[in-house]
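Encoded as structure tokens, the structure appears first; notes follow it.
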Amino acid sequence: MSVTSLTLAAAGLALLAQAGQHTTPHVPHEPVARHEGTVAAAELRARVRDCAPVSHGHYRSDADAPADISVCGTDGAVFWKADLDIDCDGRPGSRCNRRTDPWFSDATAYPQSDGRSLSAETLPYIVVPAPSPLWDHRKHGVRGGAVAAVVHGDRVQYAVVGDVGPAGVIGEASYATAEGLGLRADPRRGGAASGVTYIVFKDSKVTPIESHAAAVEAGERLAREFIEGTPEAGQRRRVVRPRTGPRPRAGSRR
């Protein structure tokens, strides 16, 4: 073999070795455990241990389930304990569309600031029942953009009120909310059968509604006030707009 051939072969081996140094082994994607803020799930659950009903009767977790869920109230919040069905409604995407969700609707009750529907895939939001003689959420300071803390296991996911569902059923949240809680987010078979607590802070509002950063900022403060029993909690209107700076990482109906 000539000197030239040896030189070319050595150069080729060097290039292969260099390329190998930059090759990253394939690692299967695993869900990342997330906890938003410093308020612990156990602290919030302790605060809503007792229920003073504000609903005039009971809701169902699903259309064919028994009616046994009350909406409860305190000075600063309303809350309920139910299942979590996946709401995939809103702007269609790769995970929320008519193919993936047989109940899909491309509209949400509350649009974002540019007039488009919210995105269930990217925005943590919850669903409240339509106003009825059973309960009218509007009379308890709950409207579109209100801040909510959703608790499951040891996780707290801050969200906004983003959609309205059937009048007699409760316990539904967006695809992104389920993901943030570490739940399977498949609209057909995802969510949780029970054990989810929804706490909505009265007279709170995130502007614009699609700013998850603002929801986290407000949610952390309101949750802390709620736990500590701050006297002014729930007694003033709290409109929160996002701060400038890096956006925190964000965290659907069967």
Side-chain angles (χ1 to χ4, degrees), residues 41-42 44-74 77-90 95-96 100-105 108-110 118 120 123-140 142 144 146-201 251-254:
L44 286 168
R45 270 196 293 267
R47 184 67 172 82
V48 298
R49 184 175 292 121
D50 301 321
C51 175
V54 296
S55 57
H56 305 290
H58 299 90
Y59 282 95
R60 303 175 187 274
S61 60
D62 293 293
D64 57 352
D68 57 3
I69 302 170
S70 294
V71 176
C72 313
T74 70
V78 294
F79 63 91
W80 56 93
K81 302 172 185 180
D83 63 344
L84 191 153
D85 292 335
I86 308 296
D87 188 333
C88 242
D89 293 344
R95 293 166 289 179
C96 289
T100 62
D101 181 4
W103 305 278
F104 178 78
S105 169
T108 49
Y110 305 107
L118 302 177
L123 181 68
Y125 70 73
I126 69 167
V127 181
V128 294
S132 72
L134 187 56
W135 182 56
D136 186 342
H137 57 270
R138 301 169 299 184
K139 295 180 179 179
H140 291 84
V142 176
V147 183
V150 188
V151 183
H152 181 262
D154 62 353
R155 298 198 188 195
V156 178
Q157 172 68 52
Y158 294 112
V160 292
V161 173
D163 206 357
V164 172
V169 176
I170 202 167
E172 190 174 0
S174 70
Y175 186 106
T177 304
E179 274 201 324
L181 292 172
L183 298 172
R184 183 180 181 186
D186 179 359
R188 294 177 184 267
R189 292 173 292 276
S194 62
V196 180
T197 300
Y198 302 78
I199 304 169
V200 186
F201 302 107
S252 225
R253 148 188 100 215
R254 281 194 297 272

Original post:
With a 4.5 Å limit on heavy-atom distance, are the side chains of Ile126 and Val200 in contact?
Top reply: yes
Original post:
For the residue pair Trp103 and Arg188, what are the closest heavy atoms and their distance?
Top reply: CZ3-CA, 4.4 Å
**OP:** Examine distances only and state if a side-chain atom of Thr108 and a backbone atom of Leu118 form a donor-acceptor pair shorter than 3.5 Å.
**Re:** yes
Original post:
Are any of the side-chain heavy atoms of Leu181 and Leu84 separated by less than 4.5 Å?
Top reply: yes
Original post:
Is a side-chain donor or acceptor of Ser55 paired with a backbone partner of Leu134 at a separation under 3.5 angstrom?
Top reply: no
**OP:** Give the minimum heavy-atom separation between Cys88 and Tyr175, together with the two atoms involved.
**Re:** SG-CD1, 3.9 Å
Original post:
Is there a donor-acceptor pair under 3.5 Å between the side chain of Asp62 and the backbone N or O of Asp64?
Top reply: no
Original post:
If you take all heavy atoms of Ala77 and Ile199, which pair is closest and at what distance?
Top reply: CB-CG2, 3.9 Å
Subject >> Smallest separation among heavy atoms of Ala149 and Val156, with atom names >> reply: CB-CG1, 4.3 Å
**OP:** First locate atom CD1 of Ile170, then atom CZ of Arg60, and finally report the distance between them rounded to the nearest 0.5 Å.
**Re:** 13.5 Å
**OP:** Spell out, as yes or no, whether a donor-acceptor pair under 3.5 Å connects the side chain of Thr197 to the backbone of Lys81.
**Re:** no
Original post:
Among all residues two or more places apart in sequence or in another chain, which pass the salt bridge (Lys or Arg N to Asp or Glu O under 4.0 Å) test with Arg184?
Top reply: Asp186
**OP:** Quickly, which of Val78, Val128, Val161 forms a side chain to side chain contact (heavy atoms under 4.5 Å, CB included) with His137? Name it, please.
**Re:** Val128
**OP:** Please report the closest heavy-atom contact between Glu172 and Tyr198, naming both atoms and the distance.
**Re:** N-OH, 3.5 Å
Original post:
Can you check whether His152's main-chain N or O pairs, donor with acceptor, with Arg45's side chain at less than 3.5 Å?
Top reply: no
Original post:
His140 versus Val71: any side-chain heavy-atom pair under 4.5 Å?
Top reply: no
Original post:
Going from CG on Asp89 to CG on Asp101, what distance comes out if it is rounded to the nearest 0.5 angstrom?
Top reply: 6.5 Å
Original post:
Looking only at heavy atoms, which two atoms of Ala82 and Ile69 are closest? And how far apart?
Top reply: CB-CD1, 3.8 Å
Subject >> Any donor-acceptor N/O pair, Ser70 side chain to Cys72 backbone, under 3.5 Å >> reply: no
Original post:
With a 4.5 Å heavy-atom cut-off, do Trp135 and Tyr59 have their side chains touching?
Top reply: yes
Subject >> Donor-acceptor contact present, side-chain Ser174 to main-chain Leu123, <3.5 Å >> reply: yes
